[in-house]
Amino acid sequence: MAQKLDPWKSSEISDYSKLFEEFGIQPFAEVLDEIPDPHKYMKRGIIFGHRGYEMIADAIKNKKPFVVLDGFMPTGKAHFGHKMVMDQIVWYQKQGGIVVVGMADREAHAVRDLSWEECRQIGVEEYITSLIALGLQPEKTRIYFQSECQPVKDLAFELGTKVNFSEMAAIYGFSGETHLAHMIAVLTQGADILHSQLPMYEGPIPVVVPVGADQDPHIRLTRDIASKMNMFLIERREDSKTGNKYWSVRGKNASEDALKMIDKNIRDGFGGSGAKTKLSKEHIDIFGDISEEELSEIVKNAELAHGGYAFVIPASTYHRFMSGLTGGKMSSSIPDSNIALSEEPKSAVKKIMKAKTGGRESADEQRDLGGEYQKCSVYELYLFHLADDDNELFQVQNDCTSGSILCGECKKKAAGKMEIFLTDLQQKREEAFEKLPMFGIDYVRK
């Protein structure tokens with residue numbers, strides 16, 4: 001049975017490998033070697049898939065500008081599942097990325113019926129302060145709320161001209177009972193992803209969106225709309241008679257003047273190297289020595305000069321979900337399944353001591369057979385958050401499978417590390433409130 005990806009429900013994914021075949025997600029292992037200093041999530045296979053990540057790997061390696069964009073729906077406590085995304089945002093910033101973070105208050109208001117005031121309070125006190133506490137720096141960082149960002153709202157309206165209800169229904173399962181604000185919230189998410197490429201911001205630039213696999217419907221829709229919004233399509237073709245390769249720039253509702261501009265700029269810029277063009281009413285064929293990067297730059301400039309967007313199709317990465325401490329997926333709606341980033345350290349210790357493990361039925365059996373760390377939510381805390389050093393993680397695995405440690409002792413060690421981490425984080429979260437103005441956030445706690 002085919003899996004379903006739903007951005008608004010905590011449905012579990014039974015087999016991540018099937019996402020490659022069913023949804024066209026690419027294995028992240030294919031690009032891992034292209035990243036100079038990969039994040040631990042990448043090395044450990046937690047980030048398992050991507051769409052279009054090659055351009056991000058190239059930007060990191062060659063120190064080219066790029067944007068990391070992500071958003072959080074402010075509906076409840078930020079927990080360690082959200083920390084996975086926050087850690088990636090901070091890592092991308094350290095790699096030279098421009099950080100753009102949106103608080104999806106429009107979505108929270110439309111889907112969860114929260115008031116605008118509640119959205120703002122949760123967004124600041126749970127998500128933004130946690131991001132700052134985890135290491136986000138104000139330089140080259142932009143944080144905004146959807147409801148307050150007019151360029152996002154305007155772009156969402158424009159994106160709506162390229163998608164109809166039938167497409168929405170096919171992707172999200174919308175029906176006649178779905179209210180319009182929910183659909184507008186979806187378009188707003190697309191605008192979140194693309195708006196950094198508007199001229200008032202960075203302009204056309206590679207953008208990466210780190211998400212869980214359940215958010216892939218938003219990514220697929222946005223990539224499709226971005227392609228539809230662009231005036232031109234660049235294709236690599238082959239002459240059927242000679243077998244020679246050539247480029248073809250095909251117009252999609254582009255004006256004749258825009259095509260002529262591309263033709264002129266190719267001839268002016270690359271005539272000396274032997275590049276020749278054949279201009280038709282709706283496309284240009286280019287023969288000779290011109291790289292895809294050079295051609296893309298010429299096409300982009302012509303599109304922008306004639307009122308187009310020239311969007312770079314956004315990239316995405318997909319990470320596995322953490323298991324909840326009680327089993328199943330970690331969820332904000334099940335408090336015992338997660339540890340909030342604002343949690344009192346002693347409360348977190350109690351949750352870990354009650355957590356579901358991969359232990360055997362008796363201590364003797366575990367000493368003989370060893371535990372099953374693959375089924376253990378406490379091991380996942382180490383895998384995702386508590387063990388930055390791979391040697392430490394391997395030691396946890398070996399102690400478990402050899403039976404040299406029992407679950408109670410392992411839980412105590414994890415709980416101790418968590419208590420230290422959260423005690424430090426709560427202090428940094430308090431300090432983060434004082435730093436909010438540095439990030440352009442005007443907020444007074446009540």
Side-chain angles (χ1 to χ4, degrees), residues 52 55 58-59 64-67 69 98 100 142 149-164 167 187-209 221-237 245-315:
M55 65 180 175
D58 175 68
K64 299 176 183 177
F66 71 96
V67 167
L69 177 286
I98 300 162
V100 181
R142 182 161 54 85
C149 188
Q150 194 61 44
V152 166
K153 292 188 280 189
D154 290 344
L155 182 57
F157 182 84
E158 292 294 334
L159 299 184
T161 65
K162 300 297 181 182
V163 61
N164 58 41
E167 291 171 299
L187 291 171
T188 304
Q189 287 231 359
D192 285 328
I193 294 170
L194 294 173
H195 83 280
S196 293
Q197 299 192 52
L198 294 173
M200 68 182 66
Y201 296 115
E202 280 68 48
I205 188 174
V207 176
V208 62
V209 190
L221 178 65
T222 303
R223 283 169 61 89
D224 181 58
I225 294 177
S227 178
K228 290 178 180 177
M229 295 288 284
N230 288 346
M231 288 182 178
F232 299 102
L233 175 66
I234 300 175
E235 296 179 323
R236 190 63 165 161
R237 296 193 163 197
K245 302 279 188 180
Y246 66 95
W247 294 106
S248 184
V249 178
R250 314 192 75 77
K252 300 183 295 181
N253 300 316
S255 69
E256 251 185 272
D257 287 344
L259 283 164
K260 287 178 180 177
M261 182 176 179
I262 294 171
D263 180 63
K264 180 179 185 302
N265 288 343
I266 291 173
R267 289 176 178 275
D268 289 350
F270 300 95
S273 62
K276 296 181 179 179
T277 63
K278 182 180 178 181
L279 177 62
S280 302
K281 188 175 181 180
E282 295 181 349
H283 70 276
I284 306 168
D285 294 336
I286 304 103
F287 308 89
D289 188 17
I290 180 171
S291 70
E292 182 175 10
E293 186 175 0
E294 292 167 330
L295 179 58
S296 296
E297 186 69 14
I298 290 172
V299 172
K300 177 191 78 175
N301 291 335
E303 178 161 346
L304 292 175
H306 288 82
Y309 293 98
F311 287 130
V312 178
I313 307 303

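Since the model is a prediction, treat every value here as computed from it, not as a measurement.
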Please check if atom NZ in Lys264 has more than 12 non-hydrogen atoms from other residues, nucleotides or ligands closer than 6.0 Å. no
Heavy-atom count check: over 12 atoms from other residues, nucleotides or ligands less than 6.0 Å from Lys278 NZ? no
Of the non-hydrogen atoms in Ala302 and Ala258, which two are nearest, and what is the gap between them? CB-O, 4.1 Å
In Å, rounded to the nearest 0.5 Å, how long is the span from CG of Leu159 to OG1 of Thr222? 7.5 Å
Once you round to the nearest 0.5 Å, how far does CZ of Arg236 lie from CD1 of Ile286? 9.5 Å
Rounded distance [0.5 Å steps], CD in Glu282 versus CD in Glu256: 9.5 Å
Can you tell me if His306 uses its side chain to pair, donor with acceptor, with the backbone of Glu303 under 3.5 Å? no
Spell out, as yes or no, whether a donor-acceptor pair under 3.5 Å connects the side chain of Ser227 to the backbone of Asp224. no
Distance in Å, Phe232 CZ paired with Ile298 CD1, rounded so as to fall on 0.5 Å steps: 12.0 Å
Give me the atom names and distance for the closest heavy-atom approach of His283 to Ser248. CD2-OG, 4.0 Å
Taking C-beta and beyond as the side chain, do Pro65 and Glu202 meet within less than 4.5 Å on heavy atoms? no
Determine whether a donor-acceptor pair (N or O, by modelled atom type, separation under 3.5 Å) exists between the side chain of Arg250 and the backbone of Glu235. no
Separation of Ile234 CD1 from Glu292 CD (nearest 0.5 Å): 6.5 Å
Tell me, do Ile98 and Ile205 make a side-chain contact under 4.5 Å, heavy atoms counted? yes
Lys300 and Leu304: CA distance, side-chain angles, deciding distance, side-chain contact (heavy atoms from CB on, under 4.5 Å) verdict: CA-CA 6 Å; Lys300 177 191 78 175; Leu304 292 175; 4.0 Å; yes
Is it the case that more than 12 heavy atoms not belonging to Asn253 sit under 6.0 Å from its CG atom? no
Would Arg237 and Trp247 count as a cation-pi pair here, with the cationic atom under 6.0 angstrom from the ring centre and within 45° of the axis? no
Is the shortest side-chain heavy-atom distance between Arg142 and Tyr201 below 4.5 Å? yes
Okay, side chain of Gln197, backbone of Leu194: is any donor-acceptor separation there less than 3.5 Å? no
Within the structure provided, determine whether Val207 and Val312 are in side-chain contact (heavy-atom separation under 4.5 Å). no
With side chains defined as the heavy atoms from C-beta onward, is the minimum distance between Leu155 and Tyr309 less than 4.5 Å? yes
What distance do Thr277 atom OG1 and Ile266 atom CD1 have between them, rounded to the nearest 0.5 Å? 6.5 Å
Please find the pair of heavy atoms, one from Met55 and one from Pro206, that lie closest to each other, and give the distance. SD-CB, 4.0 Å
Please check this pair: side chain of Asn301 against backbone of Glu297, looking for a donor-acceptor N/O pair closer than 3.5 Å. yes
Provide the closest heavy-atom pair for Asn230 versus Lys252 in the form atom of the first, atom of the second, distance. O-CE, 3.0 Å
On a heavy-atom basis, the closest approach of Pro204 and Ala310 is CB-O, 3.3 Å
